[in-house]
There are 2 protein chains.
Amino acid sequence: MPSRIAIVGTGAVGMYYGAKLAHAGSDVHFLMRGDLAEVRRNGISVRGEGENFQVARINCYNSTQEIGPCDLVIIALKATSNSELIDLVPPLLHKKTIILTLQNGLGNEEFLAERFGAEHILGGLCFIAVERHSKTEVERYDYGLIILGEFGRPAAKRTHQVAAEFIGAGVKCSVTDDLALERWRKLIWNIPFNGLSIVAGGIDTAAIVGDENLRQFTLDLMNEVIAAANKCAHSLPNDAWREHMKRTDSMTGYKPSTLSDWEAGKPLEIEAIWGEPLRRGVAAGARMPRTEMVYALLKKLDHQRRNGAP
Amino acid sequence: MPSRIAIVGTGAVGMYYGAKLAHAGSDVHFLMRGDLAEVRRNGISVRGEGENFQVARINCYNSTQEIGPCDLVIIALKATSNSELIDLVPPLLHKKTIILTLQNGLGNEEFLAERFGAEHILGGLCFIAVERHSKTEVERYDYGLIILGEFGRPAAKRTHQVAAEFIGAGVKCSVTDDLALERWRKLIWNIPFNGLSIVAGGIDTAAIVGDENLRQFTLDLMNEVIAAANKCAHSLPNDAWREHMKRTDSMTGYKPSTLSDWEAGKPLEIEAIWGEPLRRGVAAGARMPRTEMVYALLKKLDHQRRNGAP
């Protein structure tokens, strides 16, 4: 059982899961920067269906040196800030530290493995609709499930121990023997919805599936992702799009995280969600013209905005 | 030689070519609506490299009944306003009237042929960079060439007579025996550049060809259009994209007309430039996934804007 836990990255996801663990009595230590003083003063408040609590005393620090070695390091930074991890992570490590990335898309485990050793790395896919309302308040709108897996290996004893830690804190959590496959399965949803929500002018999932042309385009994108996963030897069934469409049709309109980032003027995880899957798929011989287009448009839109274009 | 000419549609294109003809002494009659009083008072001023003139007395009217039958009717309305032509055109017709559409994209000759008889219809492709600065001023930035052709027939004597009329007015003009082929050849440029200029966030041609990903996407779209034209039995060489890219690389950044329309809050010619080529290409067995995407995005962006979405 990991006894000492660090949270690196306190956006909505890091704040929510960290607060859940802390509320359940885990020994959680948050790295904070601009938010430090306020969280020290007010703690963290969590709202959501069936949960409504405040953790009044939060262990928070403005450097990982102050936190020191931990058994479990949860990475919840945006993938666009990965370079910061090179300096942030080492003070948190001992020989057996588990580094769990909850980040989106592909390439994050590899990034961490290369710098800190593959044997340390776990990945988790978060299925959650969550938003930070202020420096100290976070609200979960839906879901919350984490799917945990080892990087490049089947699940091990420690994987289940981490899952048990989350489950003990009231977080739905399951374990997979094939993390890479699950990452691709999640991309079937993220590649169309996170992308189209921006390039079609700032619309939610209901507007996408409700528009005849965009719905078809979503299906076409999903099929590209499924075919690419298969070319990369991650076997997804040809109708793996079906569960995603069914779920999306049944839920109320949801604003994908990348659209929230876009609207907030934050960096977009373009490489993790589109660039890396595209490079891997194309290198394996997949044809991904629609994904290429979404990628190209997002990059240009992002570039235009960051350079103050009209 | 057509002796009496009507201009229907006095955006930049209709105003420029009409003023050129009038300045050269042709008997030109403009249909005007909101601009009537000002053009009556001030005439039309034309600027451009090598030309700078004013036509002080313009024959203009606010109904086509007042104009009456003409030998040549030049249609320069946006294709999105075609339904207005059903009532506007008949008063201008006699038995041998030539109806020349200078509109963009595919489907305009067919629309006119169905209502007024195929034997009346000519089409013209305008290669021109032109902008209206006010109700009475128009400026040509580049080019000016018109390629004229008969609808569904090779060029005839009258086609050359119309060309002669333009050439006599100082407008570069050539005649084609295969109008449909030339329409597809022009689409090789319009489908990528007019589309990407909007969906990539309001950028000009130089920004498109200067971006590695968008440049590749432009080439991919061009190849889709060429393949679709060939499927539709309009034989374009496989490297027909080359002349377009060469020309675009050599010119200074240009804002496609659809982007100008978008920025001015005007309707976009989505069906003529993307919808109709797509329907014809796909019906003939072409695969056009990238064109489908540009089409879907433009439709949604346009819809969002017209419905005041965020």
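So you know, we letter chains A, B, ... as the sequences are listed, proteins then strands, and number each from 1.
Contact of B:Arg287 with chain A is made through the side chain alone, with heavy-atom distances under 4.5 Å. Heavy atoms of A:Leu196 lying under 4.5 Å from chain B belong exclusively to its side chain.
Of all heavy-atom pairs spanning B:Met293 and A:Arg290, the tightest one is SD-O, 4.2 Å. Taking both residues in full, the closest heavy atoms of B:Lys300 and A:Ala207 are given as NZ-O, 3.7 Å, listed atom of the first, atom of the second, then distance. Taking each heavy atom of A:Leu301 and B:Val199 in turn, the nearest pair found is CD2-O, 3.8 Å. Shortest non-hydrogen contact noted between B:Leu214 and A:Ala296 is CD2-CB, 3.9 Å.
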| After noting the C-alpha distance and the side-chain angles of A:Asn213 and B:Glu292, does the key distance pass the side-chain contact (heavy atoms from CB on, under 4.5 Å) rule? | CA-CA 8 Å; A:Asn213 295 297; B:Glu292 275 168 3; over 6 Å; no
